[in-house]
Asker: 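I am attaching a structure below and will ask some questions about it afterwards.
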Amino acid sequence: MTPSPSSAPPVNAEQTLQLLWERVRMQGDLPGFAKAISSILSAMRGEEELEFNMTQTVLSDPALTQKVLRLANSSMYSAFGQRIGTVSKAVFVLGTETIGHLALGLKLIDELSSAQPDSNNAHLEMEKAVLAGHVARQIASSANYHDAEEAVVCSMLHTLGRMMVVFYLSDFWQQIHTRCQNAGSAGARNLNQLEDEYAHELLHISLEEIGRATASRWGFPPNLLSSMRSILPQEQAQQLPPQEWMAALSTMSADCASALCEADEDSAAQLQQLTRGYAGMLGVPAEQMLVAIESARQSSAADLTAVHNARRVNAEKKGVQGKDPQINLQHQQKLLNLLRQGLSDLHEMSASASPSQLMAMALETIYLGLGMKRAVAFMHNYKDAKYVAKISFGAGMHAMLPHLAFEDSFHHDVFHAALQSDKLIFIEHAKDAEFAARLPHWWKSSLHSAHSFLILPMGLNGHPAGFIYGDWGEDLAPTPPSEAEFQILNEIRQLLVQSLERRRQSIVAAQAAKAKQ
């Protein structure tokens, strides 16, 4: 990052923060992370459709989707004993809090790795943050902490102030780094503490305070803000209460990461000292923590390699279709496997999930398994005599959702024809001039960019209850559903109808019981 040439050394903490915000404004938030965390945090605290909002937020980022599913199926969550094939199911099984924290941690790794900073210092701080998260996850699991992913995020963000200075105040960071090198051995003080001392001298504010100011500016929740403070080790100390415990774990994880990244002859001694100092405070034996730290060191190597390769892999994925026939065949098989896994999830969850949860899971399965550009679930609102869009996936669909509605009175268009026949309809060339008369005005005004689309109606006792709509652009134009895909889609529809019927029967039973009273 290139610093502003006209900036003068700050004379107080307020001036340092003003300089930082100005450079952030000029260069862009830690690129894109502020917007990403805002959407994740919004989904975590949403009052309505909490689970679906989190699913939609994760699915908006393909790389994040794959990482969430991979970790949800890792040994950490093997106790749940379920194969998780959709984000909807991951949210349902693990909860919005766990998935939210998991998404925050993974998103921070993605954003840091994609920033491509122009200094070795910035790269080193990224790797320290990632490594701190790995250490925290292992130790939190050893301590049987209820939300290991919260510990990951707190530990990664513990050094947010340091990262902000490295990224945006790199000229001052270089001075801090030089002073640390000239100081020689830190003695009882570790490198993080030494850097913080020199930062305070130069910037008149600690790195910790810069981190909390940044997190507050981004709207982080109180539990994360509370963890962003240093708690020094005290041997023979008693186990700390929850908020203090998380701050201590975050401090230790960051210091462990710093020691591991240094990889010099003093690293082992530093880790021994850290584990002895925090053992009583965290309620985890020092020996057990050393095992956890070594496990984190080993697991992080693969994770960091994956991060560095993520952009190349994603670029290759985008160009998969339409090239080598063999590659295209493999891609189609991969999509079919997604459909099958999603159907398996639906069967497994059909008895316990609500109709809205099942609908979200089904829509996600169809959206991903058929490689769609957009997917929308419409439900029949009998009171208003309309079909109304309830949930959707795809770029820009959230803003479009309120405008997707039409009257249930019959019109000679393809949607009413599908609803009346209660059969799947696939339109391969939606823009053909001869077909234009069969497309309703509401579709032409909102979804007209589609090249092909599919309608999967759901009938209940001979009456349309709603339908699933999905489309593709010209770059994704598909062939008609294969026999295997057709069978899966009809089975998904049957499960959704059964779920709606169970809800209808429960409502009827409740009304009958009320009438008897």
Side-chain angles (χ1 to χ4, degrees), residues 335 339 342-343 346 355 358-382 385-394 397 400-401 403-432 434-474 476-500:
L335 293 182
L339 277 176
L343 177 61
L346 285 164
L358 218 60
M359 181 66 75
M361 205 178 296
L363 192 66
E364 178 190 348
T365 296
I366 294 172
Y367 170 66
L368 295 177
L370 293 180
M372 289 175 162
K373 177 183 178 182
R374 301 174 295 204
V376 190
F378 287 79
M379 296 305 295
H380 193 183
N381 185 322
Y382 292 94
K386 287 184 176 182
Y387 291 96
V388 181
K390 291 295 184 182
I391 55 176
S392 63
F393 292 120
M397 290 305 297
M400 193 185 296
L401 208 60
H403 307 290
L404 298 179
F406 60 96
E407 296 179 355
D408 64 3
S409 56
F410 184 80
H411 289 77
H412 292 282
D413 62 52
V414 65
F415 288 89
H416 281 101
L419 290 166
Q420 197 169 56
S421 68
D422 197 31
K423 292 181 180 179
L424 184 153
I425 289 182
F426 172 76
I427 306 300
E428 190 168 1
H429 300 290
K431 295 183 179 181
D432 281 0
E434 296 179 0
F435 190 70
R438 303 207 56 189
L439 294 170
H441 175 73
W442 67 267
W443 185 93
K444 293 177 180 178
S445 64
S446 55
L447 302 172
H448 56 85
S449 62
H451 176 84
S452 311
F453 65 83
L454 174 149
I455 305 170
L456 184 67
M458 294 173 288
L460 192 61
N461 295 325
H463 300 285
F467 64 95
I468 286 177
Y469 166 90
D471 64 27
W472 300 263
E474 291 186 10
L476 299 172
T479 56
S482 66
E483 183 177 351
E485 290 170 333
F486 187 82
Q487 289 177 351
I488 292 173
L489 289 172
N490 273 323
E491 197 166 343
I492 288 174
R493 174 171 63 169
Q494 185 178 2
L495 288 171
L496 291 175
V497 169
Q498 289 172 353
S499 178
L500 292 171

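When reading the values below, keep in mind they use all heavy atoms of this one structure, side chains included, and skip hydrogens, waters and symmetry mates.
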Asker: Please test His411 against His441 for side chain to side chain contact (heavy atoms under 4.5 Å, CB included), starting from the C-alpha separation and ending with a verdict.
Answerer: CA-CA 11 Å; His411 289 77; His441 175 73; over 6 Å; no
Asker: Tell me if the aromatic rings of Phe378 and Trp443 count as close, with their centers under 6.0 Å from one another.
Answerer: no
Asker: Looking at every non-hydrogen atom in both residues, tell me the closest pair between Glu485 and Pro480 and how far apart they are.
Answerer: OE1-O, 4.5 Å
Asker: Measure the shortest side-chain to side-chain distance between Leu346 and Glu491 over non-hydrogen atoms and say whether it is less than 4.5 angstrom.
Answerer: no
Asker: If every non-hydrogen atom of Leu419 is compared with every non-hydrogen atom of Pro464, which pair is closest and at what distance?
Answerer: O-CG, 3.8 Å
Asker: The test is side chain to side chain contact (heavy atoms under 4.5 Å, CB included); show your working for Tyr367 and Met372 and say whether it passes.
Answerer: CA-CA 5 Å; Tyr367 170 66; Met372 289 175 162; 4.0 Å; yes
Asker: Heavy atoms only: give me the nearest Leu495-Leu358 pair and the separation to one decimal.
Answerer: O-CD2, 4.0 Å
Asker: Could you tell me whether a side-chain N or O of Asp413 sits under 3.5 Å from a main-chain N or O of Pro440, the two making a donor and an acceptor?
Answerer: no
Asker: Is the ring pair Phe415/Phe467 parallel, tilted or perpendicular, if the boundaries are 30 and 60 degrees?
Answerer: tilted
Asker: Please check if the side chain of Lys373 supplies one atom and the backbone of His451 the other of a donor-acceptor pair under 3.5 Å.
Answerer: no
Asker: Which heavy atom in Lys390 sits nearest to a heavy atom in Met379, and how many Å separate them?
Answerer: CG-CG, 3.8 Å
Asker: Less than 4.5 Å apart, any side-chain heavy atom of Leu343 and any of Thr365?
Answerer: no
Asker: Is the shortest side-chain heavy-atom distance between Val376 and Leu401 below 4.5 Å?
Answerer: yes
Asker: Side chain to side chain contact (heavy atoms under 4.5 Å, CB included) for Met397 and Leu404? Distances and angles first, verdict last.
Answerer: CA-CA 10 Å; Met397 290 305 297; Leu404 298 179; 3.8 Å; yes
Asker: A side-chain contact here means heavy atoms from C-beta on lying under 4.5 Å apart; do Arg493 and Pro457 qualify?
Answerer: yes
Asker: Given the rule in the side chain to side chain contact (heavy atoms under 4.5 Å, CB included) test, do Val414 and Leu439 qualify, once you have shown the distances and angles that lead to the verdict?
Answerer: CA-CA 6 Å; Val414 65; Leu439 294 170; 4.2 Å; yes
Asker: Are Phe410 and His412 close enough that their ring centres sit under 6.0 Å apart?
Answerer: yes
Asker: The criterion is side-chain contact (heavy atoms from CB on, under 4.5 Å); which residues satisfy it with Asn381, sequence neighbours excluded?
Answerer: Lys383, Asp384, Val388
